[in-house]
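What follows is a short report on a single structure.
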Amino acid sequence: MNPKTTISFLLFLFSACFVFAKTITICKTGCDFNSIKTAVDSSKSGDSLFIKTGLYKESNIVIYKKSLYITGEKGTVIDTQNKGYGFSVEATDIIIKNLTIKNIEVSYTKEYAAILLFKSYDFVIENITVERAFFGFLVQKSKDGIIKNNTISGEGKAEADSGNAIHLWHCENVKVLNNDVRRMRDGIYLEFGNSSYIANNYSTQNMRYGLHFMFSNDNAYENNTFEANGAGVAVMFSKRIKMFNNLFKKNWGTASYGILLKEINDAELQHNIFEDNTIGVNADGTNRITFTENTFKNNGYAIKVHGACYDNIYSKNNFLHNSFDLSYSGKLNSNKFENNYWSNYTGYDLDKDGIGDVPYRPVKLFSYLVNRTPESIVLLRSLFIDIINFSEKVSPVFTPENLIDNKPLMRKVTW
């Protein structure tokens with residue numbers, strides 16, 4: 001067969017797929033099918049399934065090796081009756097949208113989800129409401145997908161009987177956009193998930209993390225809100241991460257923080273707000289990270305820096321009314337604090353260039369004492385603490401001597 005004949009034959013097959021693709025209607029009476037599962041089993045690749053308003057008591061709807069476009073409408077509800085998955089998909093070119101899926105089975109041995117995708121490419125999950133979820137969407141070994149405008153909520157009482165709202169494992173180039181996730185174990189979870197974009201999501205009241213990812217490189221997170229979770233965000237063992245314009249708020253508890261950075265390299269955090277957290281940023285083993293134009297407001301600790309942190313730059317950030325702006329373990333190493341605004345700064349600016357004429361020392365002796373003796377926090381507002389902080393400022397002994405912002409800003413940074 002010559003090349004022209006081959007091309008013509010392929011074009012014929014491609015056209016034939018669209019010619020023979022059809023729309024299948026599903027409803028209780030008077031439609032092509034009254035069962036979603038039967039309709040899926042009877043469909044051909046490229047078909048569209050329209051599920052009319054109604055309650056469908058079905059589970060474990062399997063889509064295997066064919067393209068389908070499944071759409072519901074307002075009032076289309078699938079009740080799995082705690083009998084496994086909603087949809088289990090292993091296929092390319094899949095769209096599932098405009099459905100409510102509820103009552104996902106809780107298991108201690110299997111990860112039942114409203115929608116399971118395995119080795120699926122070019123998929124869209126949109127406008128899905130998941131109620132009483134175990135896992136919401138469980139996506140494995142998949143790529144080039146969009147998960148957007150979904151609402152997922154659970155009712156688990158402990159981490160053991162709760163799954164994750166959106167769980168990506170070994171995935172690539174997935175966009176997670178405009179989702180509302182709450183009362184799950186983790187709101188959004190990535191493991192070995194690369195080159196993904198997570199934006200405009202609201203993650204709240206989750207037992208463990210609002211966002212949790214490990215071994216996931218080259219990802220960007222923008223305009224998300226992580227509020228009142230067990231802990232806000234945990235970022236671990238990953239490279240080249242960008243986190244812009246996110247809000248970390250009211251992640252409060254004995255082991256809570258806005259964001260945990262553990263073994264992270266070459267990342268950027270810019271224009272984020274950390275407000276009312278136990279710890280704004282908890283950094284451990286971080287290297288070559290730039291913190292620029294972020295605001296830390298009313299946190300217990302704005303930033304806690306642990307060991308093995310090198311070449312990090314904190315510049316043009318606002319530190320506003322935190323109990324402690326900075327807690328630091330060990331030596332300064334090659335980290336740099338410069339041109340930040342500190343609400344506790346009491347220096348002056350005689351030449352009116354917007355930069356304080358007196359360097360600022362952000363680590364207080366009292367934060368050093370609290371780290372070693374937590375009970376001493378009861379002395380936070382006492383005159384004695386002001387005296388020991390002043391003595392350490394004059395002659396540093398316990399805090400890093402060279403940890404100084406030599407160019408503190410006189411006015412808050414705006415962006």
Donor-acceptor pair, distance only, cut-off 3.5 Å: does the side chain of N322 make one with the backbone of Y301? no
Test your reading of the model: is there a side-chain donor-acceptor pair from K66 to the backbone of G46, 3.5 Å cut-off? no
Quick one: does any side-chain atom of D79 pair with a main-chain N or O of Q81 as donor and acceptor, under 3.5 Å? yes
Quiz: residues 406-415 side-chain donor-acceptor pairs under 3.5 angstrom, not counting sequence neighbours:
none

Any sub-3.5 Å donor-acceptor pair from N201's side-chain atoms to V181's backbone N or O? no
Do L190 and C171 have side-chain heavy atoms sitting under 4.5 Å apart? no
Kindly say whether I152 contributes a backbone atom to a donor-acceptor pair with the side chain of D180 at under 3.5 angstrom? no
Is D266 paired with K239 through a side-chain N to carboxylate O contact shorter than 4.0 Å? no
Of all heavy-atom pairs linking Y345 and P359, the shortest is CE1-O, 4.2 Å
Looking at K74, is its backbone amide N or carbonyl O close enough to the side chain of T53 to form a donor-acceptor pair, meaning the two atoms are under 3.5 Å apart? yes
Axial cation check for Y197 ring with K175, 6.0 Å and 45° limits: no
Tightest non-hydrogen contact, residues S323 and G300, listed as CB-O, 3.2 Å
To the closest 0.5 Å, what do you measure between CG (D93) and CZ (F123)? 12.0 Å
Does the Lys NZ or Arg CZ of K304 fall within the cation-pi geometry relative to F324 - under 6.0 Å from the ring centre and within 45° of the axis? no
Ring centres of F244 and H271 under 6.0 Å apart? no
Run through F134, Y85, F135 and flag the one making a ring pair (Phe, Tyr, Trp, His ring centres under 6.0 Å) with Y112. Y85
Parallel under 30°, tilted from 30 to 60°, perpendicular over 60°: which one fits the rings of F319 and F296? parallel
So, does N150 use its side chain to make a donor-acceptor pair with the main chain of I128 at under 3.5 Å? yes
